[in-house]
Each structure stands twice: as C-alpha cells, then as structure tokens.
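Accompanying notes for the structure given below.
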Amino acid sequence: MAGTPQCTEFAIAQDIASMLASGQETGPHGEVALRVLPIVGNGGTRNVLDVLTLAGADVAIAPVVLVDRLREAKTFGDISDKLAYIAPLYIEEFHLLARPEIAGLTDLAGKRVNLGEDGSAGAVLGREVLNRLGVKISESNLGPDAALEGMQKGDISAALLVSGKPVSFLARTGQADGIHFLPIPYSKELMQQDYLPSTLRHEDYPNIIGVDAPVDTIAIKSALYAYNWPARNERFGLLELFVQTLFTRFPEFLGDAHHPKWREVNLAALLPGWRRFRPAERWLQQQTGGEAALRKAFGRFLESQPAANPPDREELFREFLRWRERNPGR
C-alpha cells in the first residue's frame, strides 16, 4: 500500500517492486520467486485499514503519527499485535502551494484550501496543524491533479500535499501561474513531538523556489509496516522472503537511479512502542553480529600495520564495508 501515483510514497513502492523483480532466479516460464505489487492508497489511515483487511495487502508505507493514533484510539480495534514494523523510512514534508494573491497563512482565513483525500495525512494532520495555528479555512478534499487545476482556475486558494521531497508531480510545476510554497512555522509548543522542522529548497523544486529563497515547513516520520502473520501462514513466508531480499539489496537503493529519500533510511533504527517484524529483527541481529566480528578483524589488521593508524578510522571501516557490499565473497 502506497500513496497516490503522484506522490513519493508510490515512487518508493515502485523502486521496491522493480528492484526486487530483478536479479532473482526465474522458473521455466520466466516466473520469479517474489513479485511486489504497488497498490494506490491515500498515504494515510486507509493504508493501515487495507493492510488489516484487504486480501493480498501485506505491507504499507504510512505516517508513524497516524498509526500511533489509530492504535491509541482503537479506531480499528486493538492493532498492537496485528501490525509490526519492518523499518522506519524517511520524513514526509508538508508542501503548501498557494495562489499569487496568498502571501502567508493568515491570508487563508475563510478561503478554500484543499487538504487531500479523506483520511490522507494531509486531510487529518493538515486540519490539525491549521487549527493549532489558528487558521480557519474552508476545506476541500480533492486529489492532487484536481486540486492543482482548481488553483489554476481560482476555485481553490491553496493546496496541501504531505509527501517526501522532492515530489516529482510538484517538481514539474512551474511559476508561470504565480503558484508558490507558503512557509509553515514549526512551533514546539503547538506541535509537540509529532512534527519536525524541515525546509524546501531550490534543489528540491528549482521551478518553484528561488536559489536563495528556502521555504520553512514541517514534516512527519514514515515507516514500513507489515501485517503480523503467524509463522505457519504462507503469507508469513512471502513476507520473510520480501524482508530478506529488501534488506540484503538495500545498498542498491542508494544510487542516483532511485529516489533520494532512500538515503534517509536507516534499517536498524527503532520505532518506539512497536515490535519489529520477526524476520526483520533476525536479519538485523545477524548483521550486527557479523559487523562486530568484522570490526575485530579490522582492528587486528590495523594493529598489524604500524603505519596504518588513520585519524578517520571509522570512515575507513565504513569504506571497507561498502567495498564488501560491492564485492561479495571477497
């Protein structure tokens, strides 16, 4: 389960699908052991509901704050044992586009603002943020394409999209119509620990943001969640293969051919309050033990080389690990 086709979350799902479909041994008719199918979602509460209820939907990209709230409110019952996380992912930025006559958040008072489809991160959290900042709007709930068209016609004053930067859909948007990003101020008192400060820059959206005109905004964390199938279930076996393949080939996602958000991902990072999917936890434990052994061997190697005592020993070790990734078996 991903977001809408215009969003980064769908691009990340496509990255996973294309990468995991390649490099596998094929059967007599070209079939592969594992194929990942990206499914269009709303990037919010519906992604979680679909993983809990939809046949064949095993994994979802979803905002951590929304999943936490669904668990606390028991919106879909007790999901503590039904969901597990595979790994935290990246942050998703708030992109608030506005028409030329809108200079700041206060100008949106009473105006029609699109927050995204019902249940999406934009609709749920955008409404919350604007309320906390004291901005009362007239809300609409259109998809990204319809929202942009409404802005161009003047029917909508602003539109919010919550997704990891750069969003290719927005990167193609130009300044011809005077559409620009509005800053969203970060307030620790109002937003607590659910939100993070972030910035949209010229490098992210060269057609919208000037070279020396960064736009401050806020962001939320996302994670990769899985249905917590019992170990004896066939779907558990498929998810285990998915995790092993994704984690083993993770370095391949860091190249320029894939979305830059992959470079924010730390597979070993923890998600407080949640249990990690068991095959993911086992894989990481095995890697931790292997890295510890490598560090010992690396240390012995440096000690045996009198001239080899570099001040950047940690970086040298990381380079050593990257070399091993590029040269398996050596």
Side-chain angles (χ1 to χ4, degrees), residues 3-11 42-44 63 91-118 120-187 190-191 195-220 259-261:
T4 63
Q6 300 92 339
C7 294
T8 294
E9 290 63 53
F10 197 82
N42 70 357
I91 66 168
E92 300 178 15
E93 287 81 7
F94 279 52
H95 299 75
L96 185 56
L97 282 170
R99 284 183 49 81
E101 65 270 17
I102 305 297
L105 289 179
T106 55
D107 293 338
L108 293 178
K111 300 291 196 305
R112 189 179 178 201
V113 178
N114 189 74
L115 298 183
E117 299 175 1
D118 285 328
S120 67
V124 176
L125 301 177
R127 186 183 309 128
E128 173 181 285
V129 166
L130 290 174
N131 285 337
R132 288 184 184 182
L133 293 175
V135 181
K136 305 300 181 183
I137 63 165
S138 174
E139 180 180 337
S140 66
N141 300 107
L142 304 174
D145 288 315
L148 186 59
E149 183 179 350
M151 289 180 64
Q152 292 168 340
K153 291 180 178 179
D155 298 331
I156 296 175
S157 296
L160 176 67
L161 183 63
V162 180
S163 189
K165 68 173 187 179
V167 181
S168 60
F169 166 74
L170 296 180
R172 294 192 296 268
T173 301
Q175 291 180 312
D177 300 314
I179 293 175
H180 59 284
F181 287 119
L182 285 184
I184 303 178
Y186 172 75
S187 168
L190 295 176
M191 301 177 183
Y195 301 90
L196 302 167
S198 187
T199 305
L200 307 177
R201 303 183 185 279
H202 172 76
E203 306 86 74
D204 304 317
Y205 301 102
N207 294 331
I208 305 177
I209 301 176
V211 176
D212 298 316
V215 179
D216 290 334
T217 188
I218 59 175
I220 53 174
H259 198 282
K261 276 294 181 184

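- Heavy atoms only, all atoms of each residue included: L148 and I179 are closest at CD1-CD1, 3.9 Å.
- D216 places no side-chain N or O within donor-acceptor distance of the main-chain N or O of T199, the cut-off being under 3.5 Å.
- The closest donor-acceptor contact from the side chain of Q6 to the backbone of P144 lies at 3.5 Å or more, if one exists at all.
- One N or O on the side chain of S163 and one on the backbone of T8 form a donor-acceptor pair closer than 3.5 Å.
- For the residue pair A123 and N141, the shortest heavy atom distance occurs at CB-ND2, 4.0 Å.
- Side-chain contact between L108 and L96: present, with at least one pair of heavy atoms (C-beta onward) separated by less than 4.5 Å.
- The residue from V162, L200, L161, L182 that alone fulfils the side-chain contact (heavy atoms from CB on, under 4.5 Å) condition with F94 is V162.
- Residues P63 and G43 share a closest heavy-atom pair of CD-O, 3.2 Å.
- In terms of modelled atom types and a separation under 3.5 Å, the side chain of Y195 and the main chain of S187 share no donor-acceptor contact.
- Residues I156 and L142 have side chains in contact (heavy-atom distance under 4.5 Å, counting atoms from C-beta outward).
- One distance of note links OG1 of T217 with CD1 of I184; it measures 4.0 Å at 0.5 Å rounding.
- The two residues P185 and I218 make their nearest non-hydrogen contact at O-CG2, 4.1 Å.
- For N114, the side chain to side chain donor-acceptor pair (under 3.5 Å) criterion is met by S140, not counting sequence neighbours.
- Of all non-hydrogen atoms in I209 and A213, the two that sit nearest each other are CG2-O, 3.0 Å.
- Shown here for A147 and A159, the closest heavy-atom pair between the two residues is CB-CB, 4.1 Å.
- For H259 (side chain) and P166 (main-chain N/O), a donor-acceptor pair under 3.5 Å exists by modelled atom type.
- For N131 (side chain) and E128 (main-chain N/O), no donor-acceptor pair under 3.5 Å exists by modelled atom type.
- Between atom OG of residue S198 and atom CD of residue E92 there is a gap of 11.5 Å, rounded to the nearest 0.5 Å.
- The CG atom of L115 lies 10.5 Å from the CG atom of L125; values are rounded to the nearest 0.5 Å.
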### Task
Just do the side-chain contact (heavy atoms from CB on, under 4.5 Å) check on F181 and L97 with the steps written out, would you?
CA-CA 5 Å; F181 287 119; L97 282 170; 3.6 Å; yes

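- To the nearest 0.5 Å, atoms OG (S157) and CZ (R99) are separated by 7.0 Å.
- Rounded to the nearest 0.5 angstrom, T4 OG1 and E9 CD are separated by 8.0 Å.
- Separation of atoms CD1 (I102) and CE (M151) is listed at 9.0 Å; rounding is to 0.5 Å.
- Distance alone, capped at 3.5 Å, is enough to place a donor-acceptor pair between the K261 side chain and the I91 backbone.
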